[in-house]
Amino acid sequence: MAEAAILGFLQNNESIPDSGKFAAELNLDHEEVKNVIKSLQGFRYIEAKELKRETLVLTDEGKKYAAEGSPEFHFFSAVPEEGSISKDDLEKKLDASVFKIGSTQAAKKKWVAMGKQVSRKVQHVEDKVKESLLLIQQGLELDQESLNSLKARKLIASQGWTGYSDVKKGPSYAPKRKIFATDLTRENLQNWKEMEFKEYNFNAKGQPLDAGHLHPLLKVRKQFKDIFCQMGFEEMPTNNFVESSFWNFDALFQPQQHPARDSHDTFFLKAPSTTRELPEDYVERVKQVHESGGYGSRGYNYDWKREEANKNLLRTHTTAVSSRMLYALAKGPFTPKKYFSIDRVFRNEAVDRTHLAEFHQIEGLICDRGLTLGDLIGVLQAFFSRLGMPKLRFKPAYNPYTEPSMEIFSYHEGLGKWVEIGNSGMFRPEMLQPMGLPDDVRVIAWGLSLERPTMILYGIDNIRDLFGHKVDLDLIKRNPICRVGIE
Ligand code: PHE
């Protein structure tokens, strides 16, 4: 309807100066008129200029007074022409809000004398407020003083208004819009000679796909996985968060009094609180090596307790998985292996900007005859170079299960300093030989967190923005793909 009105009007007239007035005159919805103008303009049927102005509208209270009269007028009318009326009687006669607002306004305007008794000061008054409001409702002009007082009483408010001015014929003007076919249906194709088809818009964007998005940790994990695979590593099965203390600690030659085995550092399970089975003959050898050594070691010289080894926990490192894998490997005829894993571990830590009670560990290990510390340094160099971190330094460190052990530092070009990026070492004979691995077999291994490099790569400085319930979903939807440099 609006479209026919606009195109029809322009056939005989030069222009529509004001879309608002045009809509009002023809009794059309101005929103619809605006939409039609916008669309006709897009197809160049017409040209138009945007028009913005402030208009005044009545608030709900203003509308009420415009219809029923102002409270001061009602208040005044309730006071007798002669004599007076008590304030209490007036209050009973009038609506609470009419009494309250009306008495103040009527007194202010000196229409009435207010005391215990109320009487008129003038004989006749005009309801200016109502009249002014009616004028505004009709879109007519009003003096500034009245406007200010209505605004102060919150009876009117200004509102932004948009419309169009100078609506004229455009280069493709026609009194009626041509309908272009937009679909290649069977019928349209059969009548194609009589039809006009809408041109293809090759610049149009497709519908955004409502697809899933990968979390930054998953993207970085993929990069690490690719590097391990390129270097010939196999992935270890890490699909058990619950582990026994035996595989998490004892098999790794970690003594039972070690502070990491305290509930302040480790989450122990309540149910089931203990593991159901362990390989008995191997357990016996582990007990021996803890208590009195062997394989060239003097052991720790303490009473090793089975109950301690049976306790279930949330694994504190993926090295628990490595110990299971090496034990399994020791059962068959020896074959060299390169293994890796990337998965979640849990520690009972105070949560802050850089620590959570759970994180992901990346772990790599190589198991072969006659490996040396030189091999470890060489493989770390190859691995971290592929990540774009070729400058490495090593610092002697201590782990119960490795000797020697080395912390790994990398030179961070951005920060201009050396930062710790991981931990590494050669697994002890006290760990490998009770498993049954031949005594010339050495295992070199290293571990690092997935969160640290992810935070650096994505410029995130609070770990809670990366992992956990406070993560903003937009971060996951919008973050770019991840590439790490190969030197
Ligand atoms: N398990 C060690 C950690 O939790 C990492 C590590 C793995 C160290 C393998 C040496 C060898 O930090």
Side-chain angles (χ1 to χ4, degrees), residues 224 227-228 231 233-236 238 240-241 243-255 258-262 264-267 313-327 329 337-349 354-368 371-384 392-410 419-432 435 437 441-453 463:
F224 275 96
I227 289 172
F228 275 119
M231 291 175 71
F233 284 67
E234 287 170 56
E235 189 164 9
M236 296 185 266
T238 48
N240 58 310
F241 293 166
E243 188 51 275
S244 62
S245 293
F246 180 77
W247 290 109
N248 194 83
F249 293 127
D250 296 284
L252 290 163
F253 197 53
Q254 188 142 337
H258 194 281
R261 301 183 65 154
D262 197 274
H264 292 299
D265 287 311
T266 300
F267 292 113
L313 45 72
L314 292 178
R315 68 172 176 229
T316 64
H317 52 186
T318 45
T319 316
V321 179
S322 303
S323 68
R324 277 180 182 273
M325 290 299 284
L326 288 170
Y327 173 72
L329 189 67
K337 284 285 179 193
K338 292 190 204 175
Y339 286 135
F340 80 96
S341 67
I342 308 173
D343 209 341
R344 217 178 272 197
V345 299
F346 306 85
R347 290 183 192 174
N348 197 354
E349 287 205 71
T354 50
H355 292 89
L356 287 178
E358 57 187 298
F359 65 99
H360 294 76
Q361 242 180 9
I362 304 169
E363 181 148 328
L365 69 86
I366 304 178
C367 175
D368 204 350
L371 292 174
T372 64
L373 194 66
D375 291 302
L376 177 58
I377 291 174
V379 75
L380 291 175
Q381 203 73 60
F383 178 77
F384 285 101
L392 297 185
R393 267 188 191 172
F394 304 100
K395 182 175 150 188
Y398 173 77
N399 296 308
Y401 36 90
T402 54
E403 181 59 35
S405 313
M406 303 188 300
E407 277 170 7
I408 311 161
F409 287 76
S410 160
V419 289
E420 196 201 326
I421 49 168
N423 185 1
S424 68
M426 300 186 71
F427 283 139
R428 278 179 171 270
E430 289 97 325
M431 166 182 166
L432 300 179
M435 291 176 168
L437 285 168
V441 167
R442 305 279 178 271
V443 180
I444 55 180
W446 69 99
L448 62 150
S449 90
L450 176 63
E451 278 74 0
R452 188 85 173 267
I463 198 159

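Numbering of ligands and ligand atoms starts at 1, following listing order.
- For Asn423, the side chain to side chain contact (heavy atoms under 4.5 Å, CB included) partners are Asn399, not counting sequence neighbours.
- Remark: Glu430 pairs with Arg428 by the salt bridge (Lys or Arg N to Asp or Glu O under 4.0 Å) rule, at least two apart or across chains.
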Show the distances, to 0.1 Å, for all pairs joining an N/O atom of ligand 1 and a protein N/O atom that are shorter than 3.5 Å, listing one pair per line.
from, atom 1, to, atom 2, distance (Å)
ligand 1, 1 (N), His317, ND1, 3.3
ligand 1, 1 (N), Thr319, OG1, 2.8
ligand 1, 1 (N), Tyr401, OH, 2.9
ligand 1, 4 (O), Arg347, NH2, 2.9
ligand 1, 4 (O), Gln361, NE2, 2.8

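- Taking the side-chain hydrogen bond (donor to acceptor under 3.5 Å, both in side chains) definition, one finds that Glu349 meets it with nothing, sequence neighbours left out.
- Gln361 and Thr318 share a donor-acceptor pair across their side chains, judged by distance under 3.5 Å alone.
- To the nearest 0.5 Å, the span separating CG on Leu432 from CG on Leu329 amounts to 10.5 Å.
- Between Ser323 and Leu252, the closest heavy-atom pair is CB-CD2, 4.1 Å.
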